[in-house]
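The next block holds one structure in the form of structure tokens; read it before the comments.
Remember, it's 1-based here, ligands and their atoms both numbered in the order they're listed. The structure displayed is predicted, hence computed values, not measured ones.
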Amino acid sequence: MTNKTLTLTDNDSGKTAELELLEGTHGPGCISLKNLYKDTGYFTYDPGYGMTGSCKSAITFIDGEEGILLHRGYPIDQLAEKSSYLEVCYLLLYGKLPDKSEFNTFSDTIKTHTMVHENIRDFISGFRYDAHPMAMLVGTVGALSSFYHDSLDINDPKHREISAHRLIAKLPTIASYCYRHHRGLPFMYPDNNLSYVENFLQLMFAVPAQDYQQSPVAAKALEVMLILHADHEQNASTSTVRLAGSSGANPFASIAAGVASLWGPAHGGANEAVINMLEAIEQSGETIETTIARAKDKNDPFRLMGFGHRVYKNFDPRAQIIAKLCHELLDDLEGDQPLFTLARELEEATLADEYFRERKLYPNVDFYSGIILRALDIPMNMFTVMFAMARTVGWISHWSEMHSDPEFRIGRPRQIYTGHSRRDYPG
Ligand code: SDX
């Protein structure tokens with residue numbers, strides 16, 4: 001609330017509208033449109049909502065010009081260096097860092113929910129062997145609604161909290177089942193003696209016939225990757241979760257809608273598309289020059305995967321952290337050096353290219369993440385599943401925040417109608 005207003009005047013009709021100006025803690029303020037249609041008879045037009053504040057939120061702040069990303073006020077680089085993914089989950093859900101006792105209680109609660117109903121194992125086994133893991137994930141997360149009738153009252157804060165705990169706890173288990181079904185491997189059970197990330201690694205890569213050797217380097221790299229992908233303000237999938245949830249849809253159906261939106265190559269599917277692009281350069285005779293030329297060609301729908309961002313117009317702070325992590329990890333794991341070297345060369349070539357500099361197109365979070373996931377032996381068709389697993393806490397935090405927002409109402413955008421004027425049915 002600023003007590004400041006903006007006066008809009010329609011020069012033809014002389015109608016004016018006094019619009020309230022709203023300010024937040026950081027970042028640009030917003031023009032409240034509450035009276036716009038009533039006073040002017042007009043809606044606003046903003047395809048892709050790039051200039052539209054859809055809600056008030058206290059969870060994440062992004063400054064695209066300065067490359068700033070804060071979670072409940074804490075900078076992403078400090079969280080990546082000092083925190084754990086489970087601690088960031090607590091921070092996003094409850095708005096503050098937990099003390100030791102709060103963290104232990106939260107961690108123990110999550111551990112009580114890591115298993116899934118045995119029928120979910122059968123449900124996933126019903127997919128074709130070659131089903132894309134994201135197809136299995138979107139279906140299975142939605143199907144969770146049919147298992148938890150005791151926590152679907154969205155107006156009950158306790159139900160909202162237990163649903164959040166169940167989703168955070170079960171996503172690694174479900175994600176690993178999608179992978180193992182695809183590979184024809186037996187499903188592993190969660191091991192609550194392990195950390196959140198170590199448990200996921202054993203769910204993915206352990207085999208019943210022998211002990212699983214954890215890799216501390218891989219666990220640390222994965223911990224950072226999950227932190228970097230945990231939340232990102234009102235991105236496409238989070239906005240989808242809010243819009244789906246605004247109708248009163250249950251938390252599992254709302255998160256399934258977010259999984260579906262994240263799958264697109266312009267959003268969470270970009271990390272898989274980056275590796276395909278780098279491999280095309282490496283294996284198909286494409287060069288960095290021809291790839292960049294295609295990306296600039298307006299007649300070619302191809303875009304440089306892993307570059308550009310609707311908000312970041314200087315650098316994506318997460319890409320900087322991931323690039324550094326790439327170096328450290330690949331030195332230790334002898335991973336995809338050629339792909340990382342190629343990625344670096346592509347980044348340098350675009351930085352020197354006027355087209356990309358003019359449009360402020362820099363590497364985003366997805367540019368290097370695929371290389372790390374490959375170095376951790378995560379198969380490419382699981383990359384977006386990893387992103388969804390990490391982002392689930394962001395999605396459910398926004399879904400919960402929306403339901404406790406006094407200004408909450410069902411989402412219902414309008415349009416500019418460009419179809420036929422009224423006409424009668426012939427005859
Ligand atoms: C994520 O929103 C989030 O927070 C998302 C995310 C999160 O954590 O949730 O950060 C995760 O989704 C990261 C983005 C991953 N996607 C990709 O890497 C796919 C490649 N990027 C592009 O599809 C694109 O950059 C977007 C979708 C990311 C952003 O699209 P915009 O903001 O709508 O970009 P634009 O269409 O306004 O582009 C402006 C110009 C256009 O050219 P002109 O019309 O000015 O001549 O830049 C061009 C675009 O053609 N452009 C690109 C490009 N991205 C934009 N040209 C070549 N390659 C690209 N990647």
- Query: Considering only heavy atoms from C-beta outward, does the side chain of Leu171 approach that of Val385 to under 4.5 Å?
  - Reply: no
- Nearest heavy atom to atom 30 (O) of ligand 1, choosing from Arg303, Lys296, Arg391, belongs to Arg303
- Item | Min side-chain heavy-atom separation Ile281-Thr287 under 4.5 Å | no
- Query: Lys220: what forms a side chain to side chain contact (heavy atoms under 4.5 Å, CB included) with it, not counting sequence neighbours?
  - Reply: Val224
- Query: Without hydrogens or angle criteria, can the side chains of His26 and Asp63 be said to hold a donor-acceptor pair below 3.5 Å?
  - Reply: no
- Note on the structure: Looking only at protein heavy atoms, what sits closest to atom 4 (O) of ligand 1 is His232 ND1, 2.5 Å
- Going by an N to O cut-off under 4.0 Å, is there a salt bridge joining Arg294 and Glu286? yes
- So does Glu328 pair up with Lys324, basic N to acidic O under 4.0 Å? yes
- Message: Given the ring of Phe356, does Arg359 sit roughly above its face, with NZ or CZ under 6.0 Å from the centre of the six-membered ring and within 45° of the axis?
- Response: no
- Message: Less than 4.0 Å from atom 39 (C) of ligand 1, is there any heavy atom belonging to the protein?
- Response: no
- Item | All side chain to side chain contact (heavy atoms under 4.5 Å, CB included) counterparts of Thr60, not counting sequence neighbours | Ile62, Leu69, His71, Leu92, Asp231, Glu233
- To the nearest 0.1 Å, how far is atom 28 (C) of ligand 1 from its closest protein heavy atom, and which atom is that? Gly308 O, 3.7 Å
- Item | For ligand 1, the portion of Asn235 having any non-hydrogen atom under 4.0 Å away | both
- Query: When you look for heavy atoms under 4.0 Å from ligand 1, do you find them on the side chain of Pro265, its backbone, both, or neither?
  - Reply: backbone
- Query: Taking both backbone and side-chain atoms of Ala266, is any N or O found less than 3.5 Å from an N or O belonging to ligand 1?
  - Reply: yes
- Note on the structure: Closest non-hydrogen contact found for Asp153 with His159 is N-ND1, 3.0 Å
- Taking both backbone and side-chain atoms of Arg318, is any N or O found less than 3.5 Å from an N or O belonging to ligand 1? yes
- Query: Counting only heavy atoms, which portion of Leu304 has something under 4.0 Å from ligand 1: side chain, backbone, both, or neither?
  - Reply: both
- Query: Does Tyr355 come within less than 4.0 Å of ligand 1, judged by its heavy atoms?
  - Reply: yes
- Task: Answer with yes or no whether Lys298 contacts ligand 1, where contact means a heavy atom under 4.0 Å from a ligand atom.
- Result: yes
- Relative to each other, are the rings of His232 and Tyr312 parallel, tilted or perpendicular (30° and 60° limits)? tilted
- Message: Taking 4.0 angstrom as the limit and counting only heavy atoms of Gly306, give me the atoms of ligand 1 inside it, by number and element.
- Response: 17 (C), 18 (O)
- Message: Below a 4.0 angstrom heavy-atom separation, can you tell me which part of Arg359, side chain or backbone, both or neither, approaches ligand 1?
- Response: side chain
- Is Ile62 touching ligand 1 with its side chain, its backbone, both, or neither, if touching means heavy atoms under 4.0 Å apart? neither
- Task: May I ask whether atom 9 (O) of ligand 1 is less than 4.0 Å from at least one protein heavy atom?
- Result: yes
- Do any heavy atoms of Glu233 fall under 4.0 Å from ligand 1? no
- Can you pull out the closest protein heavy atom to atom 13 (C) of ligand 1? Residue, atom name and distance to 0.1 Å, please. Asp366 OD2, 3.3 Å
- Query: Closest non-hydrogen protein atom to atom 6 (C) of ligand 1, residue and atom name please, with distance?
  - Reply: His309 NE2, 3.6 Å
- Message: If the threshold is 4.0 Å, N to carboxylate O, is there a salt bridge linking Glu20 and Lys4?
- Response: no
- Nearest protein heavy atom with distance in Å, relative to atom 55 (C) of ligand 1: Leu361 CD2, 3.6 Å
- Message: If the threshold is 4.0 Å, N to carboxylate O, is there a salt bridge linking Arg318 and Asp316?
- Response: yes
- Of all the non-hydrogen atoms in the protein, which one sits nearest to atom 32 (O) of ligand 1, and at what distance? Arg310 NE, 3.0 Å
- Residue and atom name of the nearest protein heavy atom (relative to atom 20 (C) of ligand 1), distance in Å to one decimal: Phe307 O, 3.4 Å
- Query: Considering only heavy atoms of Ala270, which atoms of ligand 1 have at least one such atom less than 4.0 Å away?
  - Reply: 15 (C), 16 (N), 17 (C), 18 (O)
- Query: For ligand 1, is there an N or O atom under 3.5 Å from any N or O atom of Asp316?
  - Reply: no
- Query: So, Glu87 versus Tyr196: side-chain donor-acceptor pair below 3.5 Å or not?
  - Reply: no
- Task: Look at atom 57 (C) of ligand 1 and say which protein heavy atom is nearest, naming residue and atom and giving the distance to 0.1 Å.
- Result: Ala295 O, 3.6 Å
- Message: When you compare the side chains of Asn235 and Thr238, does any donor N or O come within less than 3.5 Å of an acceptor on the partner?
- Response: yes
